[in-house]
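To keep things clear, I will list the structure first and then write my remarks on it.
Below, read A as the first sequence line, B as the second, and so on, with proteins coming before strands; counting in each chain starts at 1. Computed from heavy atoms alone, side chains included, the values below leave out hydrogens, waters and symmetry copies.
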Amino acid sequence: MGIKSAINSPTLSVGGIDMTSSQWAALVIVGIIVGAAIGYLAAPKGAAECPPCPTETPAPATCPPCEAPPVKKIKAAWIYVGPIGDIGWTYAHHAAKEMVDQKYDWLETTHVESVAPAECAGVIEQLIGQGYDVIFTTSFDFMDPTLEEAQKHPDKIFWHCSGYKRAPNMGTYFADFYQVYYLNGLMAGALTQTKKIGYVAAHLIPEVVRHINAFALGVKEVCPDCKVYVREIGAWYDPTKARQAAEALISEGVDVLAFTEDSPTVVQVAQEHFERGERVLAFGHYSPMLEYGPDVCVSGQLVHWEVIYDDILSKIYSGSYNTQNLQNVDYWWKLKEGSVELGCAFNQPINPKFINELKSVRVQETIQLPNGTIIENPDVYTLVMARLIQMGAVWTGSGWVFVNDEVFDPFTGPIYDDQGTLRVMAGQRLGHDELWSMQWWVDNVVGPALGG
Amino acid sequence: MRVIVRKRVVVPRRFALAVRIGSVVLALLAVAVIFHAYGVNPFDVYRSIFFNAFGTKVGLTETIVRMMPLLLVSAGLALVFKTGFWNIGAEGQLLVGAMAAYVVARTFPDAPPIALIPSMFLVGFAAGAAWGIPPAVLKAKLNVNDVISTLMLYYVIYWVFQHLIHGPWKAREKVGQLTYGGFAHTEIISKNAWLPVIGETRIHWPTLVLSVLAAVGVYVFLNYTTAGYEMKVVGDNPEAARAAGISYLRTVTLAMIISGGLAGLAGVGEFAGIQHRFTPEFLSGYGFTGIITAWLGGVNPIGLLIANFLFGGLLVGGQYIMIDYKLPIGVVDMFNGAILFFVLAGDFLLRYRIQIRR
């Protein structure tokens with residue numbers, strides 16, 4: 001405070017001592033501090049006499065009330081391989097994580113994005129150091145670092161997405177699309193006019209091969225002499241190569257495209273051809289892509305990781321999952337659990353623009369629904385809806401209802417591979433392990449040679 | 001008005017320290033604005049970064065884990081930069097070194113660690129050096145631009161690598177009763193080839209020892225050997241070097257052997273010390289980040305240690321920003337980028353005097 005303001009300040013005279021207001025203020029503050037200190041020192045040492053909480057005997061009134069026992073909290077962390085903004089794989093995991101985070105107040109979450117496999121183990125160490133006790137790693141290449149860390153930290157819980165290694169404190173999970181690819185295949189078989197269908201594939205790992213084969217089985221059911229032409233681009237995310245592959249397939253006479261790649265490029269290419277007056281249709285992949293191809297995107301596959309995350313975290317919270325019992329816990333969730341959905345947009349399994357055309361194509365077969373209803377020679381729209389019911393997901397016209405039952409599987413024999421070998425005997429179904437290491441093509445696929 | 005940029009002849013120690021500290025403070029202030037815009041208190045964020053990356057046991061060991069490959073790469077680069085040759089392809093030399101280590105480990109899975117581990121480092125050094133030699137020869141003989149050739153050779157080996165792990169090196173894996181095939185990765189190398197680590201940390205100490213030796217070694221080499229003296233002459237004044245009969249080819253090739261070889265060692269450490277198998281995403285950019293730390297550290301063991309330690313901490317600290325504040329990766333990259341920008345700008349001020357004349 002400057003001299004001038006001190007001069008102008010009103011003064012009070014107490015006991016013959018003149019003081020300015022600022023001096024008064026200082027005195028009051030000192031007084032409060034001294035008073036508080038004296039009060040603190042003079043206060044009865046109540047804590048020593050109070051019984052420990054929770055108490056059974058009535059405590060003296062001076063004791064602080066017993067607080068409720070702290071609510072158990074779970075601190076869960078996600079490690080993403082890509083940026084959240086990829087609108088594909090990482091985006092879908094992150095959206096699901098946010099949903100469960102908001103649903104449960106006992107859950108506290110964080111995430112680290114764009115983590116290279118080399119950094120995965122280090123980031124896990126950092127997360128554990130910050131107090132996280134459930135770790136989700138969402139890339140196949142995180143499998144070994146996750147297992148190493150799980151063995152190093154037996155008191156923490158780990159979940160690895162898309163891999164095949166587990167430990168007592170490490171489970172695995174995956175939302176698989178092959179049933180949905182099969183349904184897309186049914187529609188592709190009905191809508192193609194050239195009888196040539198294209199597939200742009202990221203990497204020909206067993207997961208993608210399984211999806212292409214399921215798609216081809218759907219195509220074959222509706223159009224036995226249609227072929228599926230596969231192009232591998234060698235990247236999970238590469239819009240330029242996806243575009244080149246899609247254009248190359250179209251120039252070879254393909255008029256329907258499906259794909260595995262984390263961008264909407266293939267749908268955009270189809271829409272561009274449509275706008276030039278050529279009919280090229282597409283199926284979306286992973287996230288809602290209808291806005292990129294409103295006139296061409298027939299259907300596709302969508303994911304609901306939150307269904308799996310919700311189940312896992314609820315079971316950890318309730319104690320049914322712990323650090324001892326995850327060795328054999330492998331979520332391989334499909335349509336009947338609601339972890340995947342048919343459609344190019346949520347809550348719209350088939351683009352209405354194509355429903356009439358699908359209803360005009362009939363398939364010579366007999367289908368029996370779980371409730372005993374028999375459908376003779378259904379049209380393709382009815383066939384898709386019936387297969388959905390047979391695989392446990394019922395479309396009501398405005399939403400989904402799930403029945404935890406599968407009476408049909410696309411990989412039911414007889415199935416021959418492209419070399420003419422009988423791979424699945426008549427009436428048999430392929431099991432989890434065969435599907436997990438699939439490295440052969442169904443006989444109507446024209447694709448690159450698959451090495452072991 | 002003219003802006004005159006002159007090289008400084010002498011840089012006073014105090015001035016150097018003041019500029020270095022000043023540029024970091026300025027960078028922190030600049031990024032503080034961005035953190036504030038994201039609704040977090042910048043000082044809390046800085047405390048989290050520095051406390052976690054350098055002040056916790058996990059953070060400190062992770063910082064060292066990232067420092068080791070950076071130190072190896074940047075020690076070699078600092079040396080080769082002294083000759084005026086720009087090796088931008090250390091990432092490729094690192095990859096070749098790792099691939100060589102894999103071949104050794106796969107060929108002799110049952111060899112005892114005492115033989116296997118030194119062999120991997122030796123072969124890794126040789127492979128990295130071999131990948132570094134062609135650009136040196138091309139420049140000396142045909143005057144091919146060194147930036148282009150070193151960078152392009154990185155892409156060549158990167159795609160060779162991708163082909164191998166998607167094809168000939170792709171391995172099936174048995175887990176329990178089942179065999180899984182078709183995935184793009186190699187087998188895990190035999191435990192005999194895993195580098196030993198310090199206690200419960202992930203610090204593979206052979207690489208730590210080698211990296212510190214490399215930082216000291218390039219300093220001794222440059223300042224106390226004839227070949228090192230020749231490198232300085234070639235870098236400072238190529239004409240004088242030629243007049244004095246110093247072979248440009250020999251000098252630059254030797255520098256690239258050391259630079260490529262040290263990058264190769266970093267690759268061996270990353271592969272045999274951390275990852276133990278190849279996946280398509282084996283690389284994490286140490287070969288490129290090392291260019292910056294080499295520039296900042298120079299051929300000076302203390303400078304290299306500080307620059308790489310701080311940079312390792314920056315990488316780890318960036319992950320703590322995501323963990324503790326859930327800030328997007330873009331903000332983290334901006335934070336790292338701003339620090340880099342200001343530090344490099346400060347470095348420029350140290351080396352050059354800028355005068356404005358009317």
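Both the backbone and the side chain of A118(A) come within contact range of chain B, each with at least one heavy atom under 4.5 Å from a heavy atom of that chain. Only the side chain of H203(A) comes within contact range of chain B, with at least one heavy atom under 4.5 Å from a heavy atom of that chain. Using a 4.5 Å cut-off between heavy atoms, E149(A) contacts chain B through its side chain alone, with no backbone atom that close. With a 4.5 angstrom heavy-atom cutoff, T61(B) does not touch chain A via any of its atoms. Looking at Y320(B), both its backbone and its side chain come within 4.5 Å of chain A, counting heavy atoms on both sides. Proximity to chain A is limited to the side chain of Q275(B), based on heavy atoms less than 4.5 angstrom apart. Within the 4.5 angstrom heavy-atom criterion, no atom of I84(A) approaches chain B. With a 4.5 angstrom heavy-atom cutoff, Q130(A) touches chain B only via side-chain atoms. Neither the backbone nor the side chain of I321(B) has a heavy atom closer than 4.5 Å to any heavy atom of chain A. Of the atoms belonging to V65(B), not a single heavy atom falls under 4.5 Å from chain A. Contact annotation for E207(A): neither backbone nor side-chain heavy atoms come within less than 4.5 Å of a heavy atom of chain B. Residue contact with chain A, scored on non-hydrogen atoms closer than 4.5 Å, involves the backbone and the side chain of I329(B) alike. For V316(B), the parts sitting under 4.5 Å from any heavy atom of chain A are the backbone and the side chain alike. When heavy atoms are compared at a cutoff of 4.5 Å, E200(B) approaches chain A by way of both its backbone and its side chain. Both the backbone and the side chain of T109(A) come within contact range of chain B, judged by heavy atoms closer than 4.5 Å. Looking at I128(A), neither its backbone nor its side chain comes within 4.5 Å of chain B, counting heavy atoms on both sides.
Looking at E91(B) and Y158(B), their side chains never bring a donor and an acceptor atom within 3.5 Å of each other. Counting only N and O atoms by type, the side chains of H185(B) and D144(A) include no donor and acceptor under 3.5 Å apart. A donor and an acceptor atom, one from each side chain of H211(A) and Y199(A), are nowhere located under 3.5 Å apart.
Between the CD1 atom of I274(B) and the CD atom of E148(A) there is a distance of 9.0 Å, given to the nearest 0.5 Å. Put simply, CD1 on I292(B) and CG on L70(B) are 9.5 Å apart, with the number rounded to the nearest 0.5 Å.
The interface of residues 94-102 of chain A with chain B, defined by heavy-atom distances below 4.5 Å, is empty.
A tilted orientation is assigned to the rings of F411(A) and Y178(A), their planes being inclined by 30° to 60°. Between F140(A) and H160(A), the ring planes are tilted. Angles from 30° to 60° get that label.
Ranked by heavy-atom pairs shorter than 4.5 Å toward chain A, the options H166(B), K57(B), E173(B) are led by E173(B). Contacts with chain B were tallied for A116(A), G129(A), G122(A); G122(A) has the most, counting heavy-atom pairs under 4.5 Å.
Results of the ring-ring contact (aromatic ring centres under 6.0 Å, His included) test with W305(A) over Y91(A), W89(A), W333(A) single out W89(A) as the only residue that passes.
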